[in-house]
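In this text the structure is predicted, and so the values were computed from the model without any measurement. Sequence lines set the chain letters: A, B, ... in the order given, protein chains first and strands last, and positions in each chain run from 1. Computed over heavy atoms, backbone and side chain alike; hydrogens, waters and symmetry mates excluded.
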Protein chains: 2
Amino acid sequence: MDREPYMSDTDELLSIRAAELYYEENQTQDEIGVILRLTRWKVGRLLASAKANGFIRIEIVHPRARRLPIERRLRESTGLTDAIVVSSAGVSSDAELQSRTAQAAADYLTSLRPIPRTLGISWGRTLHDVSLHLKQGWAPGVNVVQINGGVSLNQRTGTAASTAVTIAHKADGSATLLPSPAIFERLETKQAMEADRTVAGVLALARNAQAYVFSAGQADANSALVDSGYLTVAQIDDLVARGAVGDVVGRYIDHNGRIVDPELNERTVGIQLDQLRRAPLTIAVISGRSKHAIARAVVRNGLCTVLVTDEDTANALLQD
Amino acid sequence: MDREPYMSDTDELLSIRAAELYYEENQTQDEIGVILRLTRWKVGRLLASAKANGFIRIEIVHPRARRLPIERRLRESTGLTDAIVVSSAGVSSDAELQSRTAQAAADYLTSLRPIPRTLGISWGRTLHDVSLHLKQGWAPGVNVVQINGGVSLNQRTGTAASTAVTIAHKADGSATLLPSPAIFERLETKQAMEADRTVAGVLALARNAQAYVFSAGQADANSALVDSGYLTVAQIDDLVARGAVGDVVGRYIDHNGRIVDPELNERTVGIQLDQLRRAPLTIAVISGRSKHAIARAVVRNGLCTVLVTDEDTANALLQD
DNA sequence: GAGGCTCCTGCTCAAAAGAGCAAGATCGCC
DNA sequence: GGCGATCTTGCTCTTTTGAGCAGGAGCCTC
C-alpha cells in the first residue's frame, strides 16, 4: 500500500486526529468536522486517506478468524480451487497456530458440498488434531480410508488408526484401515504385502476416494517418520542433502515436487503422488514456520487443490 | 471489556465471519446478509457484538497517533486538567517512544492558548528532545527561563543552556539562563550563590513563570544527575533505600511526593516543589518503562496539571 | 500574464448503517 | 404443560456515510 500522492504534511496529521476521534471516540464525521474546523466531506476524505495510507490497522482477534484477502490472493496466484488461511493475530505459540489451522480444516470438511462418500486421509499430528476438532455428526456417514501405511513401531502409531476411526465415528460412518507399515525394509516384502487381497482392496478403495485430506512433514529430525521409527536421522540428512524439503503421504519430494529417492519411494506403502495430482479434491493441511518449504512444494506442484494453512505460511507462499 | 451475555457459540462464529467480510472484504451488511443467509439487521448486530466482545482491534499506526480514551480516563481518575498519551502501536525501541512523547509535548506547547509570556523549563534528555521537535515560529515570542541549576561538570551540560536557547529561539523569544550548578556541595556556597543579584533575579523570574515544562528522572544509576557528576551511584542507592522513586527539577521524592533528603534538597538550586504545586499550568513530560514510578509520584501528588506520556506509562497509572 | 491543466472543495443525491419498537420466539419456573 | 419474563427478530424511520459532479483555486507553461 503506497502513500497517497499529494497529501500535505498537515493533511496527514489531520487525518490522524480525525481517525482518533472517529475510531477511538466514535464521533461522527460531522462532529469531527466541528472540532477540527473542517467540512464533513473533508473529514470523510481524510479518513479515507488514512486508510489508504495504511495508518488504520484493523485486526480480527479470534481463534477462528480467517484472512480472506490473503486467501483470495493465494487462489489467484497459485490456481488453487480454494485456500483457507487462519489469522495469526494474537498467537504466541506454534502449537496454537497449528490448532487453529486444524480447526479451520475441520470447519472446511464440515462445510464440504457435496459430502464425499469416501474420504482418503493420511495420518500424523496434524490430521489427528483435525479429527479432534470435528464435531460429532459433522457429516451423515462417510467412509474414511487410510491412504498410506502407518501401523508401526511404537506407541505413537495408535494415532494413525485412531485418527481415521475418530473422523469416521464422528460422521456416523465407517473407517477402512490400511494394515501396513509406512515403509518396508525390503521391496519384496512390500510387494508381497500389496499382493494380499485385503491390503489390495484397501489400496483400491484409497485410489478411488472422492476426496483426500492430508498433511505434510518437514524434512528434519522432528519428522513423524523418524519419530515412528521408519527412518533414521541419518537417512533424513541424506534425503535433505539430495534436495528433499519434506514428505507427503510418506514420500519425500524436492522443491520441484519430484521424488527424491525412487528406491525408498518404492518401499513406501500408500497411494502414489500422481494419484493425488489427478484427484479432483485434495485438501492439504499444512501449518507452522518449519513447513514453509514443503508447503511451497505441495502447492507449486499441484499436489493439492485446496490448502488450509496459517497466515505466515500463506504470506511466504505469496512471496515470489 | 466483557463478553456479551447470551451470545451462542454459533453466533460468535457468525460474528467473526461477518467481521471478515465487513472489515477485510469491504462488503456491505446487506451483501454479507445474502452470503451468510441472514437479514442485514442481524449482520449489524453481529458486527456490533464482535466489537463489544473485543474481537475487532482497531489501531492507528502513526508516530503522531494519540490514545484519546486513555487520555480521558487519565483526566477523570487523576484530576489532571489535561493528559496527552501517545500511542505505542508499532514502536520497537524505548527511544522511539520517547521521541514520540517529546513530539507530542512540542505539539501541546504549540497549541497552548493563551500563549505564556514566561515559560519555565527544566533540562535533560527529554526536554532537549522537546526543543528539537518544536517548529520554528511555534510561538510569537516567549521568554524561556531555566527553573533549576544545570551549569555543570562535563560536556553533557551544554544541553541545559542549549535546550532553553533553542526553545526560545524557535519562538522568536529570549532565554534567561540560570548560571548555577544543580547541586552545591556546601549549603553556604549555595546560599551565597542565591544571594547574588543576577541569580536571585533569575529565580524570581522562574517563580513567576506563567507555565512550566519539565520532565522527571528515575532514581537509578542512569539518572542525568549521576551522568552530569552531581551525584554518585552510591548516593542514588542511598536515596533509593530511603524511598526515592525519582527526581523532579533535581529534587528527589518518594512515592508520596515528599522530599527524601531535606539536607540534599537544601543544597539544590531551583524553584521549590511547592511552587510547582501552586502553579496553574505545569506540564510534565515523562515517558518510558523505567519512569513509571516517578510518573505515578508526580501525578498522584499534584506536581503537574498536564501530563504528556506514552500509552504504557498511562496504563500503569490507571492501574490502582 | 493568459491559457490550460490538475487538484481540491462543497455540494446533491443515493446508499448504508443505526436506533428504537412491536410482535414473536424461547426459556425457566412452578 | 401453562405462564410470565426475557431475548430475539424484522421492521420503520433517521442518521450517517459515500459517490459523483460542477465550480473554483492554484500552478505550470509559454
Side-chain angles (χ1 to χ4, degrees), chain A residues 1-62 64-66 68-69 72 135-137, chain B residues 1-62 64-66 68-69 72 137:
Chain A
M1 228 181 262
D2 304 73
R3 167 165 291 226
E4 291 271 288
Y6 307 114
M7 190 161 78
S8 76
D9 197 53
T10 105
D11 262 17
E12 178 170 320
L13 205 48
L14 273 178
S15 78
I16 297 303
R17 296 281 90 86
E20 288 159 1
L21 294 165
Y22 192 72
Y23 291 106
E24 304 213 306
E25 299 284 74
N26 295 314
Q27 308 242 33
T28 69
Q29 298 184 6
D30 231 350
E31 291 169 324
I32 296 170
V34 172
I35 294 169
L36 301 180
R37 293 162 201 285
L38 303 166
T39 62
R40 72 183 185 77
W41 296 283
K42 177 78 178 171
V43 173
R45 286 184 186 112
L46 286 172
L47 289 171
S49 79
K51 258 194 184 163
N53 282 314
F55 299 148
I56 312 299
R57 171 148 74 213
I58 302 184
E59 265 185 349
I60 304 171
V61 188
H62 192 279
R64 305 286 272 270
R66 284 164 49 188
L68 304 188
R72 183 154 28 77
K135 286 244 280 268
Q136 187 61 47
Chain B
M1 229 181 265
D2 303 72
R3 163 167 296 224
E4 291 268 286
Y6 307 114
M7 189 163 76
S8 75
D9 197 52
T10 106
D11 263 17
E12 178 170 322
L13 205 49
L14 274 177
S15 77
I16 297 303
R17 296 282 91 85
E20 288 160 0
L21 294 165
Y22 192 72
Y23 292 106
E24 304 213 307
E25 299 283 75
N26 295 313
Q27 309 242 30
T28 69
Q29 299 184 4
D30 231 349
E31 291 169 324
I32 296 169
V34 172
I35 294 170
L36 301 180
R37 293 162 200 287
L38 302 166
T39 61
R40 72 179 186 80
W41 297 284
K42 176 76 178 173
V43 173
R45 284 190 255 262
L46 286 172
L47 289 171
S49 79
K51 257 194 185 164
N53 281 313
F55 299 148
I56 312 299
R57 179 186 298 161
I58 302 184
E59 266 185 350
I60 303 170
V61 188
H62 192 279
R64 305 288 272 269
R66 284 164 48 187
L68 304 188
R72 183 152 30 77

Enquirer: Atom CZ of B:R40 and atom C1' of D:dT12: how far apart are they, to the nearest Å?
Expert: 10 Å

Enquirer: side-chain contact (heavy atoms from CB on, under 4.5 Å), that's the test. Do B:E12 and A:H62 meet it? Break it down for me.
Expert: CA-CA 10 Å; B:E12 178 170 322; A:H62 192 279; 2.6 Å; yes

Enquirer: In whole angstrom, give the distance that lies between atom NZ of B:K42 and atom P of D:dC7.
Expert: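 About 14 Å, once rounded to whole Å.
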
Enquirer: Does B:T39 or A:E31 map to a spot on DNA chain D nearer the 5' end, using the closest nucleotide for each?
Expert: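 Per heavy-atom nearest nucleotide, the more 5' residue is B:T39.
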
Enquirer: Distance check needed: D:dT17 C1' versus A:Q27 CD, whole Å only.
Expert: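 Distance check: A:Q27 CD to D:dT17 C1' gives 16 Å.
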
Enquirer: Can you check whether A:R66's main-chain N or O pairs, donor with acceptor, with B:E20's side chain at less than 3.5 Å?
Expert: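 Side chain of B:E20 to backbone of A:R66: a pair is present.
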
Enquirer: Nearest to the side chain of B:W41, heavy atoms from C-beta on, is which of D:dT9, D:dT12, C:dG10?
Expert: D:dT12

Enquirer: Would A:L38 and A:L46 count as a side-chain contact (heavy atoms from CB on, under 4.5 Å) here? Give the steps.
Expert: CA-CA 10 Å; A:L38 303 166; A:L46 286 172; 3.6 Å; yes

Enquirer: Looking at A:Y22, does any N or O in its side chain come under 4.0 Å of the phosphate oxygens OP1/OP2 on D:dT17?
Expert: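 Yes.
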
Enquirer: If we check salt bridge (charged side-chain N to carboxylate O under 4.0 Å, His left out) with A:D11, which of these qualifies: A:R17, A:K42, A:R45?
Expert: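 The passing option is A:K42.
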
Enquirer: Output the rounded distance in Å from OH (A:Y23) to P (D:dT17).
Expert: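 One finds 10 Å between P of D:dT17 and OH of A:Y23, rounded.
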
Enquirer: Which one, D:dG18, D:dG10, C:dA17, comes nearest to the side chain of A:Q29?
Expert: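 Taking heavy atoms from C-beta onward, the closest nucleotide is D:dG18.
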
Enquirer: Expressed as a whole number of angstroms, how long is the span from A:N26:CG to D:dT16:C1'?
Expert: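 A:N26 atom CG is separated from D:dT16 atom C1' by 13 Å.
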
Enquirer: Take the protein atom CG of A:D30 and the nucleotide atom C1' of C:dC11, then report the distance between them rounded to whole Å.
Expert: 14 Å

Enquirer: Rounded to whole Å, please give me the gap between CG in B:L21 and P in C:dA17.
Expert: 12 Å

Enquirer: As a test of reading the structure: which of C:dA17, D:dT9, C:dT9 is closest to the side chain of A:R45, going by heavy atoms?
Expert: C:dT9

Enquirer: What is the distance, to the nearest angstrom, from the CG atom on A:L46 to the P atom on D:dT17?
Expert: 14 Å

